[in-house]
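We name chains A, B, ... by the order of the sequence lines, and we start the count at 1 in each one.
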Protein chains: 2
Amino acid sequence: MRSDPPTPPTGWQAIRDEALRRIQSREWQAGAPIPNEAELAMQFGCARSTVNRALRELAAIGLIERRRKAGSRVARHPLRKATFEIPIIQHEVEARGGRYDFTLIARNLGPAPVAASSRMGLPAGAEMLHLQALHLSDGRPYMHETRWVNPVAAPGILDVDLARVSANAWLVQNVPYTRGELTLSAAAADGTRAEALGCAQGEAIFCMERITWIGEAPVTLVIQSYAPGHRMTTAI
Amino acid sequence: MRSDPPTPPTGWQAIRDEALRRIQSREWQAGAPIPNEAELAMQFGCARSTVNRALRELAAIGLIERRRKAGSRVARHPLRKATFEIPIIQHEVEARGGRYDFTLIARNLGPAPVAASSRMGLPAGAEMLHLQALHLSDGRPYMHETRWVNPVAAPGILDVDLARVSANAWLVQNVPYTRGELTLSAAAADGTRAEALGCAQGEAIFCMERITWIGEAPVTLVIQSYAPGHRMTTAI
DNA sequence: CAGTGGTCTAGACCACGGT
DNA sequence: CCGTGGTCTAGACCACTGT
């Protein structure tokens, strides 16, 4: 039983693939210039814009470098960009065949610790809503989430029953963000997270941290800590 | 002193930004359909292909969903894709103002452990070149790398002086890959890595694992372990 | 079937940036 | 200066898919 790619691409994808082949076969050497768009359009018997589309895709993944007048060259160091799907926790859990559930562990309004407020660019002691939640798969801890919300940027959230609606779901529906930053790291489980995730203190956990802004105002900082062993994979 | 974005985009980027604005201002509601391309082309007074280009970009970052006949809709869950730059270690170190250096710690040819060969889809006990290297910033450990190379797929590597040329550099220059997989995770430092990185055993380290194939043949499996505290950030 | 996005074309103008 | 990529256009055909 075969999988799925029996149909060879046509159009601009065929041109992209042919260019890819020439790079991989070293017919076009790393660091060397490749023919210009007009030339390739003639070779492939298509319009220049079709070639442009194909090469633009290759440039987008860092395989070639393009500059006006200088032309296009095969990048000397490929493998430079990777795109990850940022999972919607519920979907991720269900995709793995688990039953999703989530629990609100804590909800406090008060001055945020400096670590949080400074990450968000707010003055020390700024009043924020602090939330802790646990996401479960088949009743077992899957991911622990600690979040600070700036009530100035998201006023309505103070009236929401966050035990029923996840803060994330409410925020994406009600407070559009204009800019965000995502950071991945590894950390040792501290007491809180170890207890929540049911693992030993100090165990290595995979962390995903996000900050979002609306205009210049920081909206939320969320740190998601996955149960030990979590992996994030993508094709390159 | 201002930074750099005083010039508002024009052309398709202007249309993309206007669409973005309508989404963020909830003028186009989450989950709701947006006008079709022809309609928008009229609104903006441009060709349909220009609108197409703009919306395609938004679809690429997961902000809208497009289906023939059904039209385009604002995605219910944004924040779904993030693109990371995969660092070239030397550049990364130098960009942080460090002096780059690397040391080959070990080089062995022999049967690979099952953990490695099975990850690569090779039979247990397959003959492989095993390498361990340490990348340094200003003489201090920055990243530890353990690698298995399949000599069947990359024969020339057995004759290379890998203390001078990094295996990665040699491979990208000499063995094109056709497919790759990248995995991020957190792990506890084992004895080997703790010693190499100069940290305590069990400390949490950020790991990046890559496997590449040429055709159906696996070329290399590399596990890169960063010194504690490493973070990988991107804008979303 | 019919509406929508996906793509291609031939031609054009322009911005950038080597020379 | 002038070659190259970046973009736009108007029109066309097609593939997919909801009805």
Which protein N or O atoms sit under 3.5 Å from an N or O of nucleotides 8-12 of chain C?
| residue | atom | partner | partner atom | Å |
| --- | --- | --- | --- | --- |
| C/dC8 | OP1 | A/W12 | N | 2.3 |
| C/dT9 | OP2 | A/A47 | N | 2.8 |
| C/dT9 | OP2 | A/T50 | OG1 | 2.5 |
| C/dA12 | N6 | A/R48 | NH2 | 3.0 |

Taking [X] for its side chain and [Y] for its backbone only, find out whether a donor-acceptor pair lies under 3.5 Å.
| X | Y | value |
| --- | --- | --- |
| B/D138 | B/G98 | no |
| B/R73 | B/G31 | yes |
| A/N150 | A/V219 | no |
| B/S25 | B/R21 | yes |
| B/T220 | B/W148 | yes |

[X], [atom1] atom: more than 12 neighbouring heavy atoms under 6.0 Å:
| X | atom1 | result |
| --- | --- | --- |
| B/R140 | CZ | no |
| B/E27 | CD | yes |
| B/R67 | CZ | no |

| task | Assess the side chains of B/T83 and A/T83: does a donor N or O sit below 3.5 Å from an acceptor N or O? | result |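 On atom types as modelled, these side chains qualify, holding a pair under 3.5 Å.
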| message | Under the rule for side chain to side chain contact (heavy atoms under 4.5 Å, CB included), what residues qualify as partners of B/R231, not counting sequence neighbours? | response |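 Testing B/R231 for side chain to side chain contact (heavy atoms under 4.5 Å, CB included), a comparison that skips the adjacent residues, returns A/R119, A/T183, A/S185, A/E209.
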| request: Could you tell me how the ring of B/F206 sits relative to the ring of B/H230: parallel (under 30°), tilted (30 to 60°) or perpendicular (over 60°)? | output: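 Tilted: the ring planes of B/F206 and B/H230 meet at 30° to 60°.
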| Quick one, which residues of residues 26-35 of chain A touch DNA chain C with a heavy atom under 4.0 Å? |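 Close to the strand, none.
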| task | Give me the residues of residues 15-24 of chain B where at least one heavy atom lies under 4.0 Å from an atom of DNA chain C, by number, or none. | result |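 None - not one residue of the stretch has a heavy atom sitting under 4.0 Å from the strand.
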| task | Go through the steps for B/H135 and B/F102 under the test ring-ring contact (aromatic ring centres under 6.0 Å, His included), then give the verdict. | result | CA-CA 4 Å; B/H135 301 258; B/F102 108 101; 5.7 Å; yes
| Whole-Å gap separating P (D/dT4) and CG (A/L55) |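 So the CG-P distance, A/L55 to D/dT4, works out to 14 Å.
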| field | Distance in angstrom units between B/E57 CD and C/dG5 P, rounded | value |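 Distance check: B/E57 CD to C/dG5 P gives 17 Å.
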| Could you give all pairs that pass the ring pair (Phe, Tyr, Trp, His ring centres under 6.0 Å) test and reach residues 21-55 of chain A, with sequence neighbours left out? |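 Every candidate ring pair (Phe, Tyr, Trp, His ring centres under 6.0 Å) pair involving residues 21-55 of chain A fails, so no pair, neighbours aside, qualifies.
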Tabulate atom names and distances for all N/O pairs under 3.5 angstrom spanning the protein and nucleotides 2-4 of chain C.
| residue | atom | partner | partner atom | Å |
| --- | --- | --- | --- | --- |
| C/dG3 | O4' | B/K69 | NZ | 3.4 |
| C/dT4 | O2 | B/K69 | N | 3.4 |

| said: Measuring to OP1 and OP2 of C/dG6, would you say a side-chain N or O of B/N52 lies under 4.0 angstrom away? | reply: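 True: B/N52 side-chain N/O within range (under 4.0 Å) of C/dG6 OP1/OP2.
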| task | May I ask you to evaluate whether B/R66 reaches the phosphate of C/dG6, defined as a side-chain N or O under 4.0 Å from OP1 or OP2? | result |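 Answer yes for this pair, as a side-chain N or O of B/R66 is under 4.0 Å from OP1 or OP2.
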